[in-house]
Amino acid sequence: YKQNVIEVEVFPYGENRKLLLSHDITKLENTEAMRRDFVANVSHELKTPLTVLTGFLETVRDLPLSAEDRARYLELMHGQSMRMQHIVEDLLALAKLEGDSEAPPMDTVPMARVMLQLQHDAEALSGGRHIIEVTCVPGINVRGAEMELLSAFGNLVSNAIRYTPEGERVHLTLRREGDRAVFEVADTGLGIEAEHIPRLTERFYRVDRSRSRDTGGTGLGLAIVKHVVSRHQGEFEVRSEVGRGSQFIIRFPSERSLIESDGPPRAAA
Ligand code: ADP
C-alpha cells in the first residue's frame, strides 16, 4: 500500500525524537483513478452515438435524398438519440442511488403486484418472441421502496430478454426460502463465462460490447441492481452456464421480508 509520510519534529521530546504521521493514501488514489475511468467511460459511451448522429444529420442536411431515404435516416438518428437518452437516464438513476447513502423510505410492497407489472413489461419487451413464464407464490410482501425494486427487477428482466434468443424461455419467480423472500429471473439464453461473473456489476462492464449496444444496453443495469439490493440489505447471486442460460437471484433479509398468511385471518373458534 502507498504511504504519504509527513515527519514532524516535536520539540518538547528533545533531540532525535520525532513524531511520524503516516496516512494510507492507497484508497484515495484508487477512488481518484475510478473517478477518472468513469469520466472517460461516460465520455466514450456518449461520443459513439453522438458521432453517428452527427454523420446522419450532415447526410440529411447536405445530400439530396429521396423522401424514403430521408425517413430512413431520421429513423436511424432517432435510434441514436434514444440510446444517448437511455445512457443519461441510467447515469442519473445511478448517481441518485450512490449519492443517497441512506436507506430509502421502506413500504410494505405486495410482490404479487410487482410481479404482474414485470410480466406486462417482459411481454411488451419480448414482443411475443420469447416464452415468458411467471411463478409467484401468493401473499409475499417485502419491506422496500417499490420504485427501486421495480427498477432493479426490470433491469434483470430486460437483460434476460436481450441476451436470450427468440423462442427461448425467460422465467420470473417469486418464492420463499425459509422466512426470506426470493426473486429470480432465469433464462435459457447465452450464458456467461465464470471469469466475467464477479465483474458484471461494475459500471459499463460488458461481456460482449457490440451485442450489448445492439440490443440497447447501457452497461449500467447491473450496477443499478447491485445498489438497490444493497440498499435493501439483500443478497445478489448470479449463476450461469455458457450456452445454457443464467439465473439472477435477489434474496431479501428475513427481517425485511414480511410473509403474511394468505386470505383473511380466521375467526377464533
Ligand atoms: P447491459 O446494458 O450491457 O446489458 P448490464 O449491466 O445490465 O449492462 O449487464 C452487464 C453485462 O452482463 C451485459 O453486457 C452482458 O454481457 C451480461 N449479461 C447481463 N445479463 C445477462 C443475461 N441474462 N445473459 C447473458 N449475459 C448477461
Side-chain angles (χ1 to χ4, degrees), residues 45 48-49 52 71-72 75-76 78-83 85-87 89-90 111-138 140 149-177 181-202 204-226 228-229 236-251:
E45 295 293 332
T48 313
V52 178
R72 199 163 55 85
E75 201 49 51
L76 290 169
H78 183 249
Q80 295 300 321
S81 69
M82 287 307 286
R83 193 168 129 198
Q85 189 172 327
H86 287 150
I87 295 172
E89 277 167 6
D90 276 359
M111 295 302 276
R113 182 168 81 199
V114 170
M115 294 298 281
L116 199 61
Q117 174 75 46
L118 287 174
Q119 180 173 8
H120 289 150
D121 294 350
E123 280 161 359
L125 266 172
S126 158
R129 290 186 295 268
H130 303 84
I131 305 161
I132 312 271
E133 293 173 340
V134 179
T135 308
C136 178
V137 170
I140 298 182
L149 293 177
L150 266 171
S151 133
F153 297 166
N155 273 308
L156 296 180
V157 170
S158 125
N159 281 350
I161 287 170
R162 288 189 299 113
Y163 299 106
T164 300
E166 290 186 14
E168 296 283 324
R169 224 147 38 92
V170 171
H171 189 175
L172 319 186
T173 309
L174 184 78
R175 61 171 183 268
R176 295 173 178 145
E177 273 177 18
V182 179
F183 172 78
E184 176 179 319
V185 181
D187 64 60
T188 54
L190 304 180
I192 307 161
E193 282 173 45
E195 67 194 80
H196 295 289
I197 291 181
R199 300 197 58 191
L200 294 180
T201 57
E202 288 175 21
F204 297 118
Y205 188 85
R206 291 138 160 159
V207 176
D208 178 347
R209 240 156 225 283
S210 61
R211 185 179 176 101
S212 159
R213 292 220 179 92
D214 289 349
T215 56
T218 62
L220 297 168
L222 292 182
I224 291 175
V225 172
K226 184 182 99 174
V228 171
V229 172
F236 184 43
E237 185 191 352
V238 182
R239 294 188 199 151
S240 192
E241 222 181 302
V242 176
R244 306 209 66 165
S246 315
Q247 289 122 50
F248 292 79
I249 304 164
I250 298 176
R251 291 186 176 82

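We use all heavy atoms of the structure for the numbers below, so side chains are in, but hydrogens, waters and symmetry mates are not.
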Worksheet entry | Between Thr188 and Glu168, a side-chain donor and acceptor under 3.5 Å |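 There is such a pair between these side chains.
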Discussion item. I'd like to know whether Met115 forms a side chain to side chain contact (heavy atoms under 4.5 Å, CB included) with Leu172, so could you lay out the CA-CA distance, the side-chain angles of the two residues, the decisive distance to 0.1 Å, and finally the verdict.
Written reply: CA-CA 8 Å; Met115 294 298 281; Leu172 319 186; 4.0 Å; yes
Discussion item. Side chain to side chain contact (heavy atoms under 4.5 Å, CB included) for Ile132 and Ile161? Distances and angles first, verdict last.
Written reply: CA-CA 9 Å; Ile132 312 271; Ile161 287 170; 4.0 Å; yes
Discussion item. Looking at Ala160, is its backbone amide N or carbonyl O close enough to the side chain of Thr164 to form a donor-acceptor pair, meaning the two atoms are under 3.5 Å apart?
Written reply: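 Present.
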Discussion item. Can you tell me which residue among Ser246, Ser240, Pro165 is in a side chain to side chain contact (heavy atoms under 4.5 Å, CB included) with Asp187?
Written reply: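 Passing option: Ser246.
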[atom1] of [X] to [atom2] of [Y]: how many Å apart, nearest 0.5 Å?
| X | Y | atom1 | atom2 | answer |
| --- | --- | --- | --- | --- |
| Gln119 | Glu133 | CD | CD | 10.5 Å |
| Arg251 | Arg175 | CZ | CZ | 6.5 Å |
| His86 | Ser81 | NE2 | OG | 10.0 Å |
| Leu222 | Phe248 | CG | CZ | 5.5 Å |
| Phe236 | Leu156 | CZ | CG | 5.0 Å |
| Leu150 | Asn155 | CG | CG | 11.0 Å |

Discussion item. Using side-chain heavy atoms (C-beta onward) and a distance below 4.5 Å, is Val207 in contact with Glu193?
Written reply: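 Result no, sub-4.5 Å side-chain heavy-atom pair not found.
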Worksheet item: Considering only heavy atoms from C-beta outward, does the side chain of Gln80 approach that of Leu76 to under 4.5 Å?
Response: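 Gln80 vs Leu76: side chains apart.
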Worksheet item: Going by the angle between their ring planes, with limits at 30° and 60°, are Phe183 and Phe153 parallel, tilted or perpendicular?
Response: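 Phe183 vs Phe153 ring planes: parallel.
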Fill in: Arg244 atom CZ, neighbour heavy-atom count above 12 within 6.0 Å
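At most 12 heavy atoms, drawn from other residues, nucleotides or ligands, come within 6.0 Å of this atom.
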Worksheet item: Got more than 12 heavy atoms from elsewhere within 6.0 Å of CD, Glu75?
Response: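 Count not over threshold, so no.
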Discussion item. Closer than 4.0 angstrom, basic N to acidic O: yes or no for Glu45 and Arg83?
Written reply: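 No, Glu45 and Arg83 are not salt-bridged.
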Using every non-hydrogen atom in the two residues, find where [X] and [Y] come nearest and quote the distance to one decimal.
| X | Y | value |
| --- | --- | --- |
| Glu184 | Gln247 | OE2-CG, 3.6 Å |
| Arg206 | Ser212 | NE-OG, 3.0 Å |
| Ile131 | Gly167 | CD1-O, 3.5 Å |
| Ala122 | Val157 | CB-CG1, 3.6 Å |
| Leu125 | Ser158 | CD1-CB, 3.6 Å |
| Ile87 | Leu220 | O-CD1, 4.0 Å |

Discussion item. Quick one, Ile192 with Leu200, criterion side chain to side chain contact (heavy atoms under 4.5 Å, CB included). Give me CA distance, side-chain angles, the key distance, then yes/no.
Written reply: CA-CA 10 Å; Ile192 307 161; Leu200 294 180; 3.7 Å; yes
Discussion item. Walk me through whether Ser126 and Val170 qualify under side chain to side chain contact (heavy atoms under 4.5 Å, CB included).
Written reply: CA-CA 10 Å; Ser126 158; Val170 171; over 6 Å; no
